Amino acid sequence: MKHILSSEQFTREELEEIFDLAEKIKKNPEAYKNELDGKIIAVMFYEPSTRTRLSFETAALKLGAKTITTENAGEFSSAAKGETIEDTVKVIAGYADAMVIRHRSDTSAEEAASVNKMPILNGGAGKGEHPTQALLDLFTIREKFGKIDGTRVAVLGDLLHGRTIHSLLRLLSLYENIEVYGLSKDVFALPQKYIDMLKARNIEYKVCKSFDELPKDLSVIYHTRIQAERFEGDFGKEEFIINKEVLDTFSSNTILMHPLPRVIEIAVDVDDDPRAYYFKQAHNGLYVRMALLLRVLNKA
Ligand code: NCD
């Protein structure tokens with residue numbers, strides 16, 4: 001059974017297959033409109049979502065599948081009565097052909113997949129992983145630069161709790177000549193296990209203290225929101241805000257990415273800059289998720 005659980009599961013070859021398929025779908029989505037006729041995709045989100053849930057649902061519909069979904073599953077599904085993820089999956093497997101899950105627990109996707117009754121796609125697991133976001137991030141980088149080898153990225157924001165960052169770094173580490181710079185408040189520093197993972201793959205993680213310390217010819221600046229819902233206490237606001245003035249200190253080839261939602265970390269005055277890629281990035285999520293649904297349902 002094929003699941004999409006973690007960025008760790010992919011080889012470079014598999015990534016290229018997924019990106020090639022997503023690219024083909026993006027060029028001609030109509031050609032795929034009946035691929036999943038008769039299939040039902042369950043979409044169980046126990047945490048808030050806009051893009052991931054709606055792009056997965058749109059992906060299913062554009063492929064001819066139907067969706068069943070419970071918004072705010074934590075409150076409106078039987079989880080509120082104490083049902084385990086495993087029991088929920090055993091039941092839903094009787095209705096649906098695949099299930100997308102987002103949950104506050106870091107191990108939720110693995111728990112869902114352990115039932116092994118239908119393909120599970122991890123739509124975000126606590127502060128652990130968000131592999132489908134990382135896939136669309138890399139797809140966007142490949143689309144812009146024509147390759148992923150040689151990407152020089154700065155990650156900003158909440159590197160401690162940000163699952164999109166964790167999944168992105170895992171995927172990037174599969175490529176050659178990757179450079180990674182981190183710029184965040186100390187309280188949101190990247191966990192050591194990701195620094196060690198990068199090091200084991202010969203990537204040095206360079207901690208920076210200000211925008212001035214970042215190379216000006218980065219390929220990607222990847223900002224993220226402080227994940228206030230994932231910790232107790234008040235660690236203050238984001239200090240490294242990207243506005244037009246800051247962005248203009250970087251190369252005209254540097255792209256600015258963000259998984260969204262944005263709060264204050266990117267000023268709206270950069271939205272019209274050709275380097276602002278976050279809305280394009282979110283749009284690419286549709287094609288990558290279409291490719292992933294085809295893949296787990298053996299239609300790729
Ligand atoms: C992210 C998430 O849910 O982890 N959003 C998304 O899926 N695009 C980022 C976030 O919530 O900050």
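Since the structure is predicted, the reported quantities are computational estimates derived from the model, not experimental observations. Position 1 is the first residue of the sequence; numbering continues from there. When a ligand or atom number is given, it counts from 1 through the structure's own listing order.
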>> Would you say the rings of His161 and Phe231 are close, in the sense that their centroids are separated by under 6.0 Å?
In response: yes
> Is the distance between the ring centroids of Phe240 and Phe188 under 6.0 Å?
Replying inline: no
Can you list, pair by pair, the side-chain donor-acceptor contacts under 3.5 Å of residues 142-154, counting residues two or more places apart and other chains?
| unit_1 | atom_1 | unit_2 | atom_2 | d |
| --- | --- | --- | --- | --- |
| Arg142 | NH1 | Glu16 | OE1 | 2.7 |
| Arg142 | NH1 | Asp20 | OD1 | 3.0 |
| Arg142 | NH2 | Phe19 | O | 3.4 |
| Arg142 | NH2 | Asp20 | OD1 | 2.9 |
| Arg142 | NH2 | Glu23 | OE1 | 3.3 |
| Glu143 | OE1 | Lys26 | NZ | 3.4 |
| Glu143 | OE1 | Asn284 | ND2 | 3.0 |
| Glu143 | OE2 | Lys26 | NZ | 2.7 |
| Lys147 | NZ | Asp149 | O | 3.2 |
| Asp149 | OD1 | Arg12 | NH1 | 2.9 |
| Asp149 | OD1 | Glu176 | N | 2.7 |
| Asp149 | OD2 | Arg12 | NH2 | 3.1 |
| Thr151 | OG1 | Ile148 | O | 2.6 |
| Arg152 | NE | Glu179 | OE1 | 3.0 |
| Arg152 | NE | Glu179 | OE2 | 3.4 |
| Arg152 | NH1 | Asp217 | O | 3.3 |
| Arg152 | NH1 | Asp217 | OD1 | 2.8 |
| Arg152 | NH1 | Asp217 | OD2 | 3.3 |
| Arg152 | NH2 | Glu179 | OE1 | 3.4 |

> Mind checking what residues have non-hydrogen atoms under 4.0 angstrom from ligand 1?
Replying inline: Arg51, Thr52, Arg102, His130, Gln133, Arg163, Thr164, Arg225, Gln227, Pro259, Leu260, Pro261
>> Checking side chain to side chain contact (heavy atoms under 4.5 Å, CB included) between Ile241 and each of Leu156, Ile264, Val246, which is the one that passes?
In response: Ile264
> So, for Ala276 and Val270, which heavy atoms are closest and what is the spacing to 0.1 Å?
Replying inline: CB-O, 3.3 Å
>> Quick check on salt bridge (charged side-chain N to carboxylate O under 4.0 Å, His left out): which of Arg170, Arg102, Arg163 does Glu129 satisfy it with?
In response: Arg170
